[in-house]
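Below is one structure, written out as structure tokens; comments come after it.
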Amino acid sequence: MSEESFNTLSGKVDDLIDLCAEMKRENQALKAEKSNLQHERQQLMEKNQLAKTKLQSVLDRLKSMSDS
């Protein structure tokens with residue numbers, strides 16, 4: 001293998017190493033974002049359920065007032 005071929009190959013290997021490191025960082029960032037979004041979704045679902053419960057309570061009170 002000539003020195004030029006070796007240098008070319010070495011450069012390509014270095015590029016692949018850099019690309020792998022970049023993809024690893026991006027993957028970690030995406031996993032963190034996914035985790036944050038899942039947490040936010042859970043909080044929104046809990047708030048939604050609380051709002052439904054409160055609304056149902058108001059509706060029940062209004063119904064009992066109209067039945068009286």
Side-chain angles (χ1 to χ4, degrees):
M1 178 180 273
S2 71
E3 187 173 338
E4 183 180 333
S5 295
F6 178 79
N7 289 338
T8 301
L9 181 59
S10 179
K12 289 182 179 182
V13 169
D14 288 341
D15 290 345
L16 281 174
I17 291 170
D18 292 342
L19 180 60
C20 286
E22 180 183 340
M23 291 178 77
K24 183 176 181 178
R25 285 189 300 272
E26 183 180 346
N27 191 34
Q28 289 171 336
L30 288 170
K31 285 181 179 181
E33 183 179 1
K34 177 185 172 188
S35 177
N36 289 337
L37 289 172
Q38 286 174 330
H39 180 69
E40 182 181 350
R41 180 180 183 269
Q42 182 61 37
Q43 288 179 324
L44 290 171
M45 289 175 61
E46 290 170 5
K47 286 181 180 180
N48 190 13
Q49 185 59 46
L50 180 61
K52 285 180 182 180
T53 302
K54 287 181 179 181
L55 180 59
Q56 187 60 49
S57 175
V58 169
L59 291 174
D60 290 343
R61 285 188 291 171
L62 286 172
K63 184 178 178 187
S64 70
M65 288 174 62
S66 68
D67 289 344
S68 298

Please walk me through it: do N27 and K31 pass side-chain contact (heavy atoms from CB on, under 4.5 Å)? CA-CA 6 Å; N27 191 34; K31 285 181 179 181; 3.7 Å; yes
So, E46 versus Q42: side-chain donor-acceptor pair below 3.5 Å or not? yes
Other hydrophobic cluster members with L30, side-chain heavy atoms of Ile/Leu/Val/Met/Phe/Trp/Tyr under 4.5 Å, chained? none
Let me know which of E40, K47, H39 forms a side-chain hydrogen bond (donor to acceptor under 3.5 Å, both in side chains) with Q43. H39
Option from K34, R41, E33 for which side chain to side chain contact (heavy atoms under 4.5 Å, CB included) with L37 holds: E33
Check: residues 5-22 side-chain donor-acceptor pairs under 3.5 Å, at least two apart:
residue	atom	partner	partner atom	Å
S5	OG	S2	OG	3.0
N7	ND2	E3	O	3.3
T8	OG1	E4	O	2.9

Run Q56 and D60 through side-chain hydrogen bond (donor to acceptor under 3.5 Å, both in side chains) and show every step you take. CA-CA 6 Å; Q56 187 60 49; D60 290 343; 2.9 Å; yes
Report yes or no: does S57 contribute a side-chain atom to a donor-acceptor pair with the main-chain N or O of T53 at less than 3.5 Å? no
